[in-house]
Amino acid sequence: MIDAQALGQLAGRLRSARAVAAMTGAGISAESGVPTFRGPDGLWRNYSAMDLATPQAFARDPRLVWQWYRWRQGIIGKAEPNPGHLALARLQSRISGFTLTTQNVDGLHQRAGSAHVIELHGNIWRARCAGGCGFVRDVAGEPLGEPDAVPVCRCGALLRPDVVWFGESLDAARIELAVRAARDCDVFLAVGTSALVHPAAGLPLLAGRAGALVVEINVDETPLTPQAGLVLRGKAAEVLPALELRL
Ligand code: APR
């Protein structure tokens, strides 16, 4: 049961907010059939992040890494934005000064109609040159050569998924936008994230220190829970539409 009083309180704060920052994690895409990372059936329970999501893993076995990303593309390609994604897109159009940052690489926010999504960890529908020539290619909807092939850049180097791997730094411009949104907001919504992976996990804390109301929307407790001013325990696809109705 969604906490009606907390929902009303949040709706009131959103109505008077000058700026709102939302940050999502894998939990918002769970109901679209996209596996989370650390949930009961999460990717990192079944696959080794060190064998699949590090630059060393790619150097060691680019074919295996691409097989795994193609498998994820297969799942994400069949997924549809759910009521949580759709509600956030509508909130963005109703609330001025609303920014949306995501850790997800699935592109479901954009498919739900959200604009200017700050993709902290990249996007699985893009490939970029692993050799550093800067070439980036949109691969949504087009097969990347033979299923087992490792795609090659026009400069001759390998292409790699345009996502951020463990041990890699985030794009400076994107993290700067996300930090600014967190620092300047009155309300920070942390939706469907385990709040374990930095620097993203630091954003709600930064917002809280800057005086914003930090709200956690999650089915479970996380390390962020004690720091949150409001907690809405429930599924994102249920809580966000319910919130919208209270606005
Ligand atoms: N609605 C709301 N929250 C949910 C739902 C749901 N339907 N289902 C699961 N959750 C919550 C879980 O309780 C958990 O706290 O979503 C969170 C998902 O956590 P993770 O799987 O750790 O995903 P995330 O926080 O996005 O991971 C961060 O880690 O592996 C890297 O780069 C990867 O972007 C990812 C980053």
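The figures here come from the full heavy-atom set of this structure, side chains too, leaving out hydrogens, waters and symmetry mates. We count ligands from 1, going down the list as the structure has it; atoms in each ligand are counted the same way.
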Tell me which pairs pass salt bridge (charged side-chain N to carboxylate O under 4.0 Å, His left out) where either residue lies in residues 102-130, with sequence neighbours left out.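 Non-adjacent pairs meeting salt bridge (charged side-chain N to carboxylate O under 4.0 Å, His left out): Glu80-Arg111, Glu119-Arg126, Arg126-Asp162, Arg128-Asp162.
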Starting from atom 12 (C) of ligand 1, locate the nearest protein heavy atom and write down its residue, its atom name and how far away it is, to 0.1 Å.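 Result for atom 12 (C) of ligand 1: Asn218 OD1, 3.5 Å.
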For atom 7 (N) of ligand 1, grab the closest protein heavy atom and report residue, atom and distance to one decimal in Å.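 Protein heavy atom with the smallest distance to atom 7 (N) of ligand 1: Glu31 OE1, 2.5 Å.
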Please indicate whether any nitrogen or oxygen in [X] is less than 3.5 Å from any nitrogen or oxygen in ligand 1.
{"X": "Gly192", "result": "yes"}
{"X": "Asn104", "result": "no"}
{"X": "Val164", "result": "no"}
{"X": "Ser194", "result": "yes"}
{"X": "Ala236", "result": "yes"}
{"X": "Lys235", "result": "no"}
{"X": "Gly25", "result": "no"}

Are Leu196 and Met50 in one and the same hydrophobic cluster, where Ile, Leu, Val, Met, Phe, Trp and Tyr link if side-chain heavy atoms are under 4.5 Å apart?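 No; tracing contacts between hydrophobic side chains, which count when under 4.5 Å, never links both residues.
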In terms of hydrophobic clusters joined by side-chain contacts under 4.5 Å, are Leu203 and Val117 together?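 No, because Leu203 and Val117 fall into different hydrophobic clusters, even though each may have its own neighbours under 4.5 Å.
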Does ligand 1 have any atom sitting under 4.0 Å from a heavy atom of Gly84?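 Heavy atoms of Gly84 never come under 4.0 Å of ligand 1.
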Is there a side-chain contact between Ile28 and Ile217, using heavy atoms and a 4.5 Å cut-off?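 Not in contact.
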Would you indicate which of Glu238, Arg38, Glu216 comes nearest to atom 27 (O) of ligand 1 when only heavy atoms are counted?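 Heavy atom nearest to atom 27 (O) of ligand 1 belongs to Arg38.
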Of the side chain and backbone of Val197, name the one, both, or neither that has a heavy atom under 4.0 Å from an atom of ligand 1.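 Just the side chain.
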Contacting atoms of ligand 1, where contact means under 4.0 angstrom from a heavy atom of Ala26: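 Listed by number with element, the hits are 23 (O), 24 (P), 26 (O).
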